[in-house]
Amino acid sequence: MVIHVDRTAVKAKSIPSKAVLALEERTPEASVLSRGWVTRHWLEASGQDGVPAGFIVDRTNRIAWMGPATHIEPILKRILRGEWNIDAARTEWQAKVSDDSVRLLQYRRDILEATVTGDVATASSLVKQAETELPSALGHAEFNILKLQAIVDGPDPDDHATRFYIEASDRFPTDVDAQLRLAAVIVRDMPLNIEALKAVLDRLQRVERQWRSSTEADRPFPIFQVRLHLTIAEAALRIGETAECERQIERASLLAHDTRLDDAHRNVAADESARIRRLRQEARIASRSGMAPADDPSETEGEN
């Protein structure tokens, strides 16, 4: 299973091969996430969390191996030489991918699909089912992010979402990507909730302090640092800490010139910095006219 289906099809046609390229049927009721029968019963059921994913089926129609697609060639050679032990391979896979992890993956995809389609009730129901069936679910960052989104999308989310954000953030203090994605839900979807934004600012500033006290080699890749600075900048702006906002934008701008970043990441950093500066400028103009913009509570009092 591959990411770029059309590109793979073109490549397959350009080389002589006896291989068969099969495309998953897109039915009218197909999932918005392109989760057809093969995706659900092969990819997700195998416990593989993404594509490209590989499967080798032997002459007796047994799955001889599954795993990263980049590992197929050496495994296939061993199978063709008769050196492959399917039972041993299956035992090894089951040791790495438990039934619970497969079930949690399926729940995560179902919750994400409900969220993408705006079915808040189903997303919330699936979160509760997963927590009941799999008590370990909250130990996984992705599940926490999906649960926070379901809470934010639900009725009267403010207090509940803030509490859960703090709990989830505290579960993954060293997981930079989890910290940023949890914070993004609050900043993006609860821009008027001052308490939630203060919690985001507190936790991300804590992450930044940890980075600054570490060696350069121990710090995350620059794009994560850029994302951190820009997320802090927006949270600070929305609660009225304009000086902190400017400091963080400046730090992000400096990092955006890091030679380890590709052009796409530099463009993202530049665009996000410009967007946050526009928000700040709009807030200043609105403040002078005596009216704060609807999405920026930094110039109002008592708004929550």
Side-chain angles (χ1 to χ4, degrees), residues 141 144-145 148-149 152 157-158 161-216 218-258 260-261 264-284 286-287 292-293 295-300 303-304:
N144 282 261
I145 295 162
L148 178 60
Q149 187 67 64
V152 168
D158 288 0
T162 303
R163 287 196 305 272
F164 184 74
Y165 164 74
I166 292 171
E167 293 169 5
S169 176
D170 288 347
R171 287 189 189 100
F172 309 98
T174 61
D175 187 332
V176 178
D177 186 58
Q179 291 288 339
L180 290 170
R181 292 175 65 197
L182 287 164
V185 175
I186 299 295
V187 174
R188 180 187 64 238
D189 295 334
M190 299 180 67
L192 304 182
N193 189 306
I194 302 301
E195 291 306 311
L197 291 167
K198 285 181 177 178
V200 166
L201 197 60
D202 174 68
R203 274 149 181 78
L204 293 190
Q205 286 174 331
R206 192 183 304 170
V207 172
E208 184 187 18
R209 286 193 296 271
Q210 292 171 350
W211 286 358
R212 289 187 173 277
S213 65
S214 64
T215 64
E216 184 66 32
D218 292 331
R219 293 178 187 175
F221 194 71
I223 189 57
F224 286 104
Q225 298 181 52
V226 170
R227 287 171 56 198
L228 176 87
H229 292 310
L230 291 176
T231 306
I232 292 176
E234 185 166 359
L237 171 63
R238 292 189 180 281
I239 64 176
E241 295 191 15
T242 54
E244 175 67 357
C245 174
E246 291 298 333
R247 276 195 298 272
Q248 295 294 338
I249 291 176
E250 183 62 27
R251 289 169 182 171
S253 298
L254 289 173
L255 277 167
H257 296 289
D258 193 298
R260 289 171 292 175
L261 291 181
H265 283 146
R266 287 196 189 94
N267 291 338
V268 168
D271 290 347
E272 279 297 288
S273 296
R275 180 183 68 83
I276 296 170
R277 283 197 167 106
R278 282 196 301 272
L279 286 175
R280 180 55 193 148
Q281 184 62 23
E282 290 168 6
R284 285 173 176 162
S287 178
D295 66 344
D296 187 354
S298 62
E299 307 296 338
T300 65
E303 192 166 351
N304 216 351

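- Residues satisfying the side-chain hydrogen bond (donor to acceptor under 3.5 Å, both in side chains) criterion with Arg188, sequence neighbours excluded, are Gln149.
- Applying the side chain to side chain contact (heavy atoms under 4.5 Å, CB included) criterion to Arg181, with sequence neighbours excluded, gives Glu142, Ile145, Asp177, Arg227.
- A salt bridge links Arg275 to Glu234: one of the charged nitrogens lies within less than 4.0 Å of a carboxylate oxygen.
- In this structure Asn267 satisfies the side chain to side chain contact (heavy atoms under 4.5 Å, CB included) test with no other residue, sequence neighbours excluded.
- Asp202 is linked by a side chain to side chain contact (heavy atoms under 4.5 Å, CB included) to Arg206, counting only residues two or more places apart in sequence or in another chain.
- For the residue pair Thr231 and Ala183, the shortest heavy atom distance occurs at CG2-CB, 4.0 Å.
- The two residues Ser273 and Ala252 come nearest to each other via the heavy atoms OG-CB, 4.5 Å.
- Shortest non-hydrogen contact noted between Leu197 and Ala235 is O-CB, 4.3 Å.
- For the atom pair Leu201 CG and Leu237 CG, the distance stands at 11.0 Å (nearest 0.5 Å).
- With hydrogens and angles disregarded, no donor-acceptor distance shorter than 3.5 Å links the side chain of Arg277 to the backbone of Glu246.
- Across Phe224 and Trp211, no two heavy atoms sit closer than the pair O-CH2, 3.7 Å.
- Note that CZ of Arg203 is 6.5 Å distant from OH of Tyr165, once rounded to the nearest 0.5 Å.
- Here the CD1 atom belonging to Ile194 is positioned 10.5 Å from the CG atom belonging to Asp158, to the nearest 0.5 angstrom.
- Judged as a side-chain hydrogen bond (donor to acceptor under 3.5 Å, both in side chains), and not counting sequence neighbours, the contacts of Arg247 are Glu244.
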Could you please spell out the steps behind the side chain to side chain contact (heavy atoms under 4.5 Å, CB included) verdict for Ile186 and Asn193?
CA-CA 8 Å; Ile186 299 295; Asn193 189 306; 6.0 Å; no
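- Considering only residues two or more places apart in sequence or on other chains, Asp271 meets the side-chain hydrogen bond (donor to acceptor under 3.5 Å, both in side chains) condition with none of them.
- Summarising the geometry, atom CG belonging to Leu230 is positioned 7.0 Å from atom CD1 belonging to Ile249; distances are rounded to the nearest 0.5 Å.
- To the nearest 0.5 Å, the span separating CD on Glu195 from CE on Met190 amounts to 10.5 Å.
- Contact detail for Ala178 and Ala141: the closest heavy-atom pair is CB-CB, 3.8 Å.
- A search for side chain to side chain contact (heavy atoms under 4.5 Å, CB included) contacts involving Glu208 returns Arg212, Leu228, His229, Ile232, Gln248, Arg251, not counting sequence neighbours.
- Within the model, atoms OG of Ser253 and CZ of Arg266 stand 13.5 Å from one another, a figure rounded to the nearest 0.5 Å.
- Residues that satisfy the side-chain hydrogen bond (donor to acceptor under 3.5 Å, both in side chains) test with Gln179, not counting sequence neighbours, are Ser169.
- Residues Leu148 and Ala161 approach most closely at CD1-O, 3.7 Å, considering heavy atoms.
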